[in-house]
Structure formats: structure tokens, C-alpha cells
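Hydrogens, waters and symmetry mates are skipped; everything else that's a heavy atom, side chains included, is used. All figures in this text were calculated on a predicted structure; none of them were measured in a lab.
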Amino acid sequence: MALLLDPDFHVLAANRAGREVFGLEKDQLPLGLLEATREGRLLEALRSGSARGELRLSHRRRIVQFRLLPGPRPGDTLMFLDDMTELRRLETVRQEFVANLSHELRNPLTSLRLAVESMQGDPAPPVHALRQFAARALIETDHLADIVANLRELVQIEAGQMELSLTSFDVRQLVTEAAARVLVDRPLDLRIPEDLQVTADRSKLAQVLHNLLDNASKFSPPGLPIEVAASLGGGEFRLTVRDHGPGISPEHWTRVFERFYKVDPARPRADTQSEAARAGRARATSGSGLGLAITKHLVLAQGGQVWTEAARDGGQVFGLAIPMPISVNE
């Protein structure tokens, strides 16, 4: 973006990018800088005496770098504005990613180190204690391996290195197989039409189901079912997984599919489960914080979308919709 200003800070001319950003027409110029842009910080930059710098445009919600150069006539100033919004956003994402990854690795590494140090104690621990420490070390090692594997998969997905293999398959069978692999210890309430078949990437949807069922099984109280519903209509395949846990506060719904995002644990109260759900309190999450992020990208790769919402009578619903060529019983 480029603006040509006179000594009284009137905008004499603007290039096409500048006119588009600030909503200017050629026949409106010349116009006072504040009137033309509604950005007081641009005026502050001109008066600061600095030839370059960075500032945030409040009305346009952009971060820009400015450069001031002499104009073609004495007293005129050329102001160049480079949009840095996306670059700064990516820097923030990278910083948050590094901080979150460090946090996720710290706990298993600390636990692993404590287990190994305990095994090396003097005098040596008894055999049964050594076995306990070794089992703990193995659990933490598996957890670290899961984090690395999930990160590698997420990077490949986001880099567009994932290929789709479309096949026709039975949805009920897929859900049953996924539940068996997750070792779901809650009853399954399948609300899926008999012989419902879709054409999609079976392995990718199996992984999506694995993540959603694993998530639901962590929060459904013992004895209460996990409800899985699927339907096909309007050229769109929809699937939802509902638990009967305390639910997630609405302010977290748009972020639960982000990498490493975890909801703050809720403080338990002597409420009934339905009252807790209606209150919309947050619930704790466990694991690496990558499962739902992978789920989102696996669905997006197939042209679909994911969401979460509160169930009508308590609990949380996670859903997906894939509008892609689907054949039913063909």
C-alpha cells in the first residue's frame, strides 16, 4: 500500500492496494489522512520523526510496517505500508506451538526420569518396586512415542501429503470395529440405519472414530452409553458421537480442535450430572491434545467439517459432515 501526503498530511494519491484497504475512490482525493483512513496511528507515525516502524491499525485490524520517504515535490511524503498481519499470526502460532509442545513433553519426561532414578537407587529397590518403576517408564515412553507419531501425522496432513483412498463400506461395522480397538468400556448406543454404506476414505474415518470414541469414553460416567448416530441426506454424510460427561463450556467450542488445546479442569460439585451439563462447566482433557486436531484435518481433507455442541439433556456432542460423492446400497 502506498499513500502520497502533502505537508499538511492530506492524502493526495493512493495506489490501488491503498484505495482498496481504506475504501477510497480517486475522485475523493485529496482528503485529510484521518478522514481518509480513520487511523490515528498513521498520523502518529508521521509525526514521530521515525522513517520506519510497525503499528497496529485499529479499524482495519491489521499490523503494518510503515516506511516514510520524500515525495516527488518538496514537503510531500510517500508512506509505504506492508501488511504483516499474517506473518505475525504465524509467528504467534509458532511460539504457542513450541510452548505447548514443551509443556506436553515436560510431564512424561519428568515422570520417566523419576522412574529411572528410582530404579538406580542405593540400596537397590526390591524386585516388585523395580517392576513398578519399569512399568511406569514404559507407559511414559509410549506416551512420548504417541506425541511424536501424532505430530508427524499432523505435519504430513497439514502439508497436503495425505492421499485419499475411496471405498464403499458399512458404517455400523466401521463404528463397531473402532470401538473394539479403542477398548471402549461404556455401552454403545448405535443410531445408525441398517446396511448404511458410504463411499469415503475408510481408514481416515476409522481414525476419526477412534479419536472421537476415545475422547467420549474418557468423560462418560460408568454405565452411561456413548451414542453414535449416522445419517445420509442431501448428498451429505453426517456422524455424531455424544457422551454423558459434564460437557464443555461454550467459549471453548471453537478451540477444542486446535493443537494441544485442553479445557481447564472443572471443579466437582454435588450436582446431578444433568445439572452439571446444563451449567456448561468445562471438563478436563487428557492425552496429547492432538487427537481432535488430527480429526479436524482428516475430515477437512475429505471436504467436510467438524463441530462440537452441548447435548440437549447433558453431555457433549462431536460431529462431522462430509459433502462428497456417497453411494447408498448401490
Checklist entry - Are R88 and E91 close enough, and set up right, to give a salt bridge (charged side-chain N to carboxylate O under 4.0 Å, His left out), and what steps lead you there? => result CA-CA 5 Å; R88 296 293 176 257; E91 289 177 351; 3.2 Å; yes
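- Formation of a donor-acceptor pair under 3.5 Å by the E227 side chain with backbone atoms of L188 is not found in this model.
- The backbone N or O of R56 lies less than 3.5 Å from a partner atom in the side chain of R41, making a donor-acceptor pair.
- The two residues L298 and K204 make their nearest non-hydrogen contact at CD2-CD, 3.6 Å.
- Sorted by first and then second residue, the side-chain hydrogen bond (donor to acceptor under 3.5 Å, both in side chains) pairs with a member in residues 19-37 form an empty list; sequence neighbours excluded.
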Which atom pairs, donor and acceptor, lie under 3.5 Å between side-chain atoms of residues 290-297 and protein residues at least two apart or in another chain?
unit_1: T295; atom_1: OG1; unit_2: N211; atom_2: ND2; d: 3.1
unit_1: T295; atom_1: OG1; unit_2: G291; atom_2: O; d: 2.9
unit_1: H297; atom_1: NE2; unit_2: E158; atom_2: OE2; d: 3.2

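- In this structure, the side chain of S217 engages the main chain of D214 through a donor-acceptor pair within 3.5 Å.
- Contact between P7 and G75 at its shortest, heavy atoms only, is CG-O, 3.4 Å.
- Shown here are the side-chain contact (heavy atoms from CB on, under 4.5 Å) partners of P187, two or more places apart in sequence or in another chain: P225.
- Taking NE2 from H210 and CG from L174, the interatomic distance works out to 12.0 Å, rounded to the nearest 0.5 Å.
- Remark: the backbone N or O of F318 is not paired with any side-chain donor or acceptor of T240 at under 3.5 angstrom.
- When every heavy atom of S118 is checked against every heavy atom of P125, the shortest pair comes out as O-CG, 3.1 Å.
- L213 and W307 end up in different hydrophobic clusters when Ile, Leu, Val, Met, Phe, Trp and Tyr side chains are linked at under 4.5 Å.
- With side-chain heavy atoms closer than 4.5 Å counting as contact, directly or through intermediates, the hydrophobic cluster containing L42 also holds M1, L3, L5, F9, V11, V21, F22, L24, L29, L31, L33, L34, L43, L46, L55, L57, V64, F66, L68, M79, L81.
- The stretch residues 117-131 participates, sequence neighbours left out, in these salt bridge (charged side-chain N to carboxylate O under 4.0 Å, His left out) pairs: R113-E117.
- For CZ of R181, the number of neighbouring non-hydrogen atoms (other residues, nucleotides, ligands) closer than 6.0 Å is greater than 12.
- Scanning all heavy atoms of the two residues, the minimum distance from A45 to S48 falls at O-OG, 2.7 Å.
- Formation of a donor-acceptor pair under 3.5 Å by the H59 side chain with backbone atoms of R38 is found in this model.
- Side chain of R242 to backbone of G314: a donor-acceptor contact under 3.5 angstrom is found.
- The closest donor-acceptor contact from the side chain of D243 to the backbone of S220 lies at 3.5 Å or more, if one exists at all.
- When all heavy atoms of L4 and G71 are compared, the pair lying nearest together is CD1-CA, 4.4 Å.
- Panel note: side chain T308, backbone V317; a donor-acceptor pair is recorded below 3.5 Å.
- Distance alone, capped at 3.5 Å, is enough to place a donor-acceptor pair between the Q302 side chain and the D201 backbone.
- Applying the salt bridge (charged side-chain N to carboxylate O under 4.0 Å, His left out) test to residues at least two apart or on different chains, the pairs with a partner in residues 57-77 are E39-R60, R62-D83, R67-D82, R73-D76.
- In plain terms, the two heavy atoms of R136 and S111 that are nearest each other are CD-OG, 3.4 Å.
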